[in-house]
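One structure is given here, and the rest of the page talks about it.
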Amino acid sequence: MSVRPIRIFLTDKAQKTLKGILPFNEIYIKKEVILMYVILSIFLGLLSWAIPVIQICSSEKSHRNWKYMPLLSMALCSASIYIQVLLMKSYGDEWTLIVDALGALKTVVPILVAVAIVLNLIAIKKTEAVTK
């Protein structure tokens with residue numbers, strides 16, 4: 001099974017910079033790289049939801065160690081969104097791919113952030129109630 005690369009064209013400035021180094025005017029990014037971005041973004045997004053869920057479901061004795069977990073959860077949520085930006089950057093001049101990605105992201109990103117915020121607020125309230 002052969003992998004068909006996605007063509008990304010270099011800008012004029014990049015072509016001048018790389019002239020003589022690269023024997024061609026295109027850089028190929030394999031589909032595995034794009035798939036890696038997608039899988040990593042989904043993994044980080046789900047992990048940002050899993051941390052507060054685990055905190056909510058955990059026993060009362062362990063809540064002293066969960067002080068900075070909401071911060072970690074939101075950092076993972078931000079990293080997930082940033083990886084989506086990197087994915088769009090890897091599309092290069094393929095504007096149709098970028099427009100399609102933005103159409104999906106304008107729905108998915110607010111859901112990711114809203115659910116992460118709500119779960120973290122519930123986890124913080126439970127932690128405060130247990131520690132008092």
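- With sequence neighbours excluded, no residue forms a side chain to side chain donor-acceptor pair (under 3.5 Å) with Ser48.
- Here Ile81 contributes atom CD1 and Leu76 contributes atom CG; the two are 11.5 Å apart, rounded to the nearest 0.5 Å.
- Both Ile51 and Ile54 are part of a single hydrophobic cluster, where members link through side-chain heavy atoms under 4.5 Å apart.
- The minimum heavy-atom distance between Lys126 and Ser58, with the atom names listed, is NZ-O, 3.4 Å.
- Annotation: side chain of Met88 is in contact with side chain of Leu102 (closest heavy-atom distance under 4.5 Å).
- Residue pairs meeting the side chain to side chain donor-acceptor pair (under 3.5 Å) criterion with at least one member in residues 106-116, sequence neighbours excluded, do not occur.
- Taken to the nearest 0.5 Å, the CG atom of Leu47 stands 7.0 Å off from the CG atom of Leu72.
- Shown here are the side-chain contact (heavy atoms from CB on, under 4.5 Å) partners of Leu46, two or more places apart in sequence or in another chain: Ile42, Trp49.
- Atom CD1 of Ile83 sits about 8.0 Å away from atom CE of Met36, to the nearest 0.5 Å.
- The closest side-chain heavy-atom distance from Leu112 to Cys77 is below 4.5 Å.
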Using a 3.5 Å cut-off and no angle test, enumerate the donor-acceptor pairs between side-chain atoms of residues 115-123 and protein atoms at least two apart in sequence or in another chain.
unit_1 : atom_1 : unit_2 : atom_2 : d
Asn120 : ND2    : Ser73  : OG     : 3.2
Asn120 : ND2    : Ala116 : O      : 2.8

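- Side-chain heavy atoms closer than 4.5 Å link hydrophobic residues (I, L, V, M, F, W, Y) into clusters, and following such links, possibly through other members, connects Ile111 to Leu87.
- The structure places OH of Tyr37 at 8.0 Å from NZ of Lys89, a figure rounded to the nearest 0.5 Å.
- Applying the side-chain contact (heavy atoms from CB on, under 4.5 Å) criterion to Ile39, with sequence neighbours excluded, gives Leu35.
- Qualifying side-chain contact (heavy atoms from CB on, under 4.5 Å) partners for Val99, counting only residues two or more places apart in sequence or in other chains: none.
- A distance-only check finds no donor-acceptor pair linking the side chain of Ser80 to the backbone of Leu44 [under 3.5 Å].
- Of the inter-residue distances, the one linking Lys125 atom NZ with Thr127 atom OG1 reads 11.0 Å to the nearest 0.5 angstrom.
- Linking Ile, Leu, Val, Met, Phe, Trp and Tyr residues whenever their side-chain heavy atoms come within less than 4.5 Å leaves Val38 and Val108 in two separate clusters.
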